[in-house]
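Below, chain A is the first sequence line, B the second, and so on; all start at residue 1. As a basis for the values below, the full set of heavy atoms in this structure was taken, side chains included, without hydrogen atoms, waters or symmetry mates.
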Protein chains: 2
Amino acid sequence: MRRKRMSLLTSAATRKMPLPELTNRLRRKFHKVTGPRQAILQILRRHHGPLSIKEIQERLSDDDCDLATIYRSMHLLEEMGMVKRFHFGSGGARFELLKEGDDGHHHHLVCTRCAGVVEIEECLLQDVENHLARRSGFKGVTHKLEFFGICPRCQ
Amino acid sequence: MRRKRMSLLTSAATRKMPLPELTNRLRRKFHKVTGPRQAILQILRRHHGPLSIKEIQERLSDDDCDLATIYRSMHLLEEMGMVKRFHFGSGGARFELLKEGDDGHHHHLVCTRCAGVVEIEECLLQDVENHLARRSGFKGVTHKLEFFGICPRCQ
DNA sequence: ATCGCTGCAAAAATTTTGCAGGTAA
DNA sequence: TTACCTGCAAAATTTTTGCAGCGAT
């Protein structure tokens, strides 16, 4: 997963998991497959890149579910390891579906105009983490890295 | 500033600017040097690492100034380029004093237990930015990078 | 003396929680 | 049937704003 040659990842590779695969993950952990949860998973599944709570709400057909339910669902999905929470500077958290077994460690190139996202597959910072840990005495060093810029369409 | 050999920066190198130097920067731009602003600058000046709004408030002697004034001051100082705003995942923004002329581009190694911070002077990602820009067509590519771990004292 | 700054209070924005009723399994 | 889930409303957070009066220059 790490130490790869630089490459950008297309959306198809990580998204478009079938819905039943997702709901089965719920069932396996004895959570219920309800309307709101299916609707939210559909939205995450179909969208490329992390979505904010508001963006999810806007995409739900007129009040498929309550805002509180979205928050509760995102907490559940995060705790189950089905989504990963990101923070792109200011604004609330954003959530992105994770494939089963994926720890979600990857980075984004985010357009500061339209919030469009390109995913970056590889992570080059393993060596840097090790070096930092050695030099600073910290244990369990991890990192968060996001790139920002203006995408071709917005230029 | 960039492309340096890896090194950790001690606090002394970036903080401890004399207070008059800071207030003069306000005066030069025709802002007033008031009690709250001096108190806030003192706190930022004396503390190593970015502080949250709440941490600033706690350090102010019993209601040296109103919470709204802290928010307004941080906006002003940020707009003037005197502080830089950071986001370490969840929780509110954090602010760190900047030397005159410093664009504030640097990273941190943050202890997830005590929130202690080690600054990381160099930035290794210039090449990565260039590569990403070329490959993705994005312009003006920048990045945010923070490291997390458990510091020696908290282990 | 002037205009900017401040405290206070209210509002706005975001996230969490309690509770009674509904629903998946 | 039963435990979990949901909507609704209220509360808790965090940040912003309006306004009248004070204070740095």
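- Ionic pairing of A:Arg28 and A:Glu100 is present here: one or more N-O contacts between side-chain nitrogen and carboxylate oxygen are shorter than 4.0 angstrom.
- Remark on the helix from C:dA1-D:dT25 to C:dA25-D:dT1: inter-end axis angle 40°, axes from five-pair C1' superpositions, rounded to 10°.
- Summary of the strand contacts: A:Phe30 and B:Leu67 both lie near DNA chain D, and taking for each the nucleotide with the nearest heavy atom, the more 5' one is attributed to A:Phe30.
- The aromatic rings of A:His143 and B:Phe147 sit tilted, their planes meeting at an angle between 30° and 60°.
- In this structure, the ring of A:His107 has its center no less than 6.0 angstrom from the ring center of A:Phe86.
- A donor-acceptor pair under 3.5 Å is absent between the side-chain atoms of A:Arg59 and the main chain of A:Ile43, judged by distance alone.
- One atom, CD1 of A:Ile53, and another, P of C:dT15, lie 7 Å apart when rounded to the nearest Å.
- One interatomic measurement links the two molecules: CZ of A:Arg28 to C1' of C:dA24, which rounds to 18 Å at whole-angstrom precision.
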### Test side-chain hydrogen bond (donor to acceptor under 3.5 Å, both in side chains) applied to A:Asp64 and A:Ser61, step by step
CA-CA 6 Å; A:Asp64 253 345; A:Ser61 38; 2.9 Å; yes
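- In terms of modelled atom types and a separation under 3.5 Å, the side chain of A:His106 and the main chain of A:His108 share no donor-acceptor contact.
- Proximity of B:Tyr71 to the phosphate of D:dT16: no side-chain N or O atom is located under 4.0 Å from OP1 or OP2.
- A donor-acceptor contact shorter than 3.5 Å links the side chain of B:Ser52 to the backbone of B:Glu55.
- B:Leu51 places none of its side-chain heavy atoms less than 4.5 Å from the side chain of B:Phe95.
- Atom CD1 of A:Ile70 is separated from atom P of C:dT17 by 17 Å (rounded to the nearest Å).
- Distance, A:Asp66 CG to D:dA9 C1': 10 Å, rounded to whole Å.
- Atom pair A:Leu76:CG and D:dA3:P shows a separation of 19 Å (rounding to whole Å applied).
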### Task
Determine, stepwise, if the pair A:Glu119 / A:Glu96 fulfils side chain to side chain contact (heavy atoms under 4.5 Å, CB included).
CA-CA 11 Å; A:Glu119 304 219 332; A:Glu96 189 173 69; 2.4 Å; yes
### Task
Indicate for each nucleotide in nucleotides 18-25 of chain D, in 5' to 3' sequence, whether protein heavy atoms under 4.0 Å reach the base (B), only the sugar-phosphate (S), or nothing (-).
B----BBS
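- Rounded to whole angstrom, the span from the CD atom of B:Glu79 across to the C1' atom of C:dG4 amounts to 14 Å.
- Residue B:His87 contributes atom NE2, which lies 15 Å from atom P of D:dT14 at whole-angstrom precision.
- Atom CD1 of A:Ile56 is separated from atom P of C:dT15 by 11 Å (rounded to the nearest Å).
- Distances from the side chain of A:Thr69 to the nucleotides D:dG7, D:dT14, D:dT16 place D:dG7 closest.
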